[in-house]
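Scroll down for the structure; my scribbles are underneath it.
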Amino acid sequence: MIDTPFTLETSFADFSKDAWLDAVAQVAQDDGFYETLGRKHHAIFLKKTKTLLVSFETISGMRALSSLAHPLGWEMVRNEDWSHLCIASEGDTWFRDENVYAFFDRLIDDGFFDEFDRVVFYGAGPGGYAAAAYSVAAPGARVVAIQPQATLDPSVAEWDDRFIEMRRTDFTSRFGYAPEMLDAAEAAYVIYDPAVPLDAMHASLFTRPNVTKLRMRRMGSALQSKLLDLDQFEAVLTLAAEDDLTVESFARCARARRDHRPYLRSLLNALEQDQRETFILMLCRWVNERISAPRFARRQKQIEADIALRNAPAGDADTDQDEAAQKSG
C-alpha cells in the first residue's frame with residue numbers, strides 16, 4: 001500500500017492503475033471496505049448516512065470524467081454525505097461475472113441493504129444495464145440508468161451491432177435481463193436520447209409500470225458526460241432519492257442545456273437538415289442575444305438578408321442583384 005494519507009479531496013489524476021487502486025482502497029478502508037472481485041472488478045464502499053448510492057463505473061471512465069479521477073459517486077459523499085458502494089470494472093464488462101453475482105448474494109444474505117433508509121442504483125451504458133439488473137438485490141430501491149442496454153443476448157437484441165464482441169457473454173442466467181430485474185424497484189428512470197435509434201430501442205424494452213423514461217433529445221450518445229457538463233448529475237440523483245424525479249423536474253434540470261454550445265449546435269444542425277428557416281432564425285437570434293457565437297451570427301445575417309431580398313419590390317430586387325453582379329465582376 002502507498003503510505004501517503006489519501007482523502008476524498010486528494011487528486012488521483014496522475015496515478016497508475018495500481019496506484020489508483022491502492023489509493024481508493026485506503027480511502028475506503030477508513031470508513032468502509034475495499035474488495036477485489038475476481039480479475040476485473042472491485043468493490044469500494046464508504047459508509048456515511050442512511051442514504052446509499054450504488055454505482056457501476058469503469059475505472060477508465062472515472063479517470064476521464066472526474067477532475068480528481070474519483071468514482072463519480074464520491075461527489076454525493078462529499079456534497080450530500082451519502083454512503084456509497086462503487087462496483088468498478090476494468091473495461092466494459094457489463095458486470096457479467098460470477099464474482100460479482102457472489103458479492104451481491106453475500107450482501108443480500110448479510111442484510112447489507114437493510115441498513116439504509118434509501119438506496120439508489122446508478123450507471124450509464126453498461127453500468128446502466130448493471131444498475132437495473134442488480135437493483136433486484138435491494139427491493140424498494142430507486143434506479144437511475146443512463147442509456148442502458150436491456151440485454152446483449154442476440155436472441156433478443158441482435159439488432160444492436162455495437163457490441164458484437166459481447167454476444168457470447170451470458171445474459172440469460174442470474175441478474176440477466178435488466179428490465180425484469182426492475183420489478184422489485186420502487187421506481188426506475190431511464191435517460192436516453194430518442195434520436196439515437198439503438199438507445200431508443202433498448203429504452204423501449206424497459207417499459208414497465210414503475211419505469212419513467214426521461215428524454216434528452218438532441219444530446220447524443222454520451223449523456224453521462226453531458227449531465228456532468230451541465231452540472232446536473234447531483235441534482236438528478238438527489239431528485240431520484242427523494243422520489244421527486246419526474247418528467248417535469250427532469251425538464252427543469254435539462255433547461256441548463258440552453259447554455260450548452262454542443263446542444264445548440266446539434267439543434268441548429270437538425271433545423272438546417274429539415275430546412276426550417278423560421279425556427280433557425282429564431283434560434284440564432286436567441287443565441288446571439290445571450291452569447292458570442294460566430295456561426296449563429298453569420299447564419300442570422302444570411303437569413304435576414306435572404307428575407308429582405310425576397311420582400312423587396314421587384315425593381316429594388318433587380319437593382320440589388322445588378323449591384324451584386326457588378327461587385328462580383
- F296 side chain reached by L264 side chain, heavy atoms, under 4.5 Å: yes

- Can you tell if the side chain of R258 reaches within under 4.5 Å of the side chain of W286, non-hydrogen atoms only? yes

- Set of side-chain hydrogen bond (donor to acceptor under 3.5 Å, both in side chains) partners for E304, sequence neighbours left out: R285, Q300

- Message: Show the nearest heavy-atom pair for residues V136 and P139, with the distance to one decimal.
- Response: O-CD, 3.8 Å

- Query: Is D231 atom CG crowded by more than 12 heavy atoms from other residues, nucleotides or ligands, each under 6.0 Å away?
  - Reply: no

- Query: Is D14 atom CG crowded by more than 12 heavy atoms from other residues, nucleotides or ligands, each under 6.0 Å away?
  - Reply: no

- When clusters are formed by joining ILVMFWY residues with side-chain heavy atoms under 4.5 Å apart, either directly or through shared neighbours, do I87 and V24 land in the same one? no

- Message: Measuring centre to centre across the rings, with the benzene-like ring taken for any Trp, is Y134 within less than 6.0 Å of F56?
- Response: yes

- Query: Are the side chains of L72 and L228 in touch, meaning some heavy atoms are under 4.5 Å apart?
  - Reply: yes

Donor-acceptor pairs under 3.5 angstrom involving side-chain atoms of residues 187-195: please list them, not counting sequence neighbours.
| from | atom 1 | to | atom 2 | distance (Å) |
| --- | --- | --- | --- | --- |
| Y192 | OH | R215 | NE | 3.1 |
| Y192 | OH | R215 | NH2 | 3.3 |
| D193 | OD1 | A195 | N | 2.8 |
| D193 | OD1 | R218 | N | 3.4 |
| D193 | OD2 | R218 | N | 3.2 |
| D193 | OD2 | M219 | N | 2.9 |
| D193 | OD2 | G220 | N | 2.8 |

- Would you indicate whether the side-chain heavy atoms of Y177 and L205 approach each other to under 4.5 Å? yes

- Item | Heavy-atom side-chain contact between L223 and D199 under 4.5 Å | no

- Residues L46, L8; criterion side chain to side chain contact (heavy atoms under 4.5 Å, CB included); working and verdict: CA-CA 10 Å; L46 298 177; L8 286 169; 3.8 Å; yes

- Message: Quick check on E165: does its CD atom have over 12 non-hydrogen neighbours (other residues, nucleotides or ligands) under 6.0 Å away?
- Response: yes

- Check whether the side chains of H41 and N99 place a donor and an acceptor atom closer than 3.5 Å, and report yes or no. no

- Report yes if the side chains of V77 and D31 come closer than 4.5 Å at any heavy-atom pair, otherwise no. no

- Task: Please indicate whether R162 has more than 12 foreign heavy atoms, meaning atoms of other residues, nucleotides or ligands, lying under 6.0 Å from its CZ.
- Result: yes

- Is there a side chain to side chain contact (heavy atoms under 4.5 Å, CB included) between L237 and E75 once you walk through the steps? CA-CA 11 Å; L237 291 182; E75 288 291 317; over 6 Å; no

- E234-N79 side chain donor-acceptor pair, cut-off 3.5 Å: yes

- Message: Would you say that R295 contacts L268 through its side chain, given a criterion of any heavy-atom pair below 4.5 Å between the two side chains?
- Response: yes

- Query: Does a sphere of radius 6.0 Å around CZ in R167 hold more than 12 heavy atoms from other residues, nucleotides or ligands, not counting ones at 6.0 Å or beyond?
  - Reply: yes

- Item | Residue pair C86 / P71: nearest heavy atoms and the distance that separates them | SG-CB, 4.1 Å

- Message: Is it the case that the side chains of K213 and S204 hold a donor-acceptor pair, with the cut-off being a distance below 3.5 Å and no angle test?
- Response: no

- Task: Step through the shown structure and confirm whether more than 12 heavy atoms of other residues, nucleotides or ligands are within 6.0 Å of CZ on R310.
- Result: yes

- Query: With a 3.5 Å cut-off and no angle check, do the side chains of D153 and S155 form a donor-acceptor pair?
  - Reply: yes

- Is it the case that more than 12 heavy atoms not belonging to F33 sit under 6.0 Å from its CZ atom? yes

- Message: A side-chain contact here means heavy atoms from C-beta on lying under 4.5 Å apart; do V143 and F206 qualify?
- Response: no

- Once the angle between the rings of Y34 and H42 is folded into 0 to 90°, is it parallel (under 30°), tilted (30 to 60°) or perpendicular (over 60°)? parallel

- Looking only at heavy atoms, the pair that brings A137 and F113 closest together is O-CD1, 3.6 Å

- Task: Flag the pair F103 / F112 as yes when their ring centroid distance falls below 6.0 Å, and as no otherwise.
- Result: no

- Task: List the steps, then state whether salt bridge (charged side-chain N to carboxylate O under 4.0 Å, His left out) holds for D243 with R118.
- Result: CA-CA 10 Å; D243 291 328; R118 299 184 297 186; over 6 Å; no

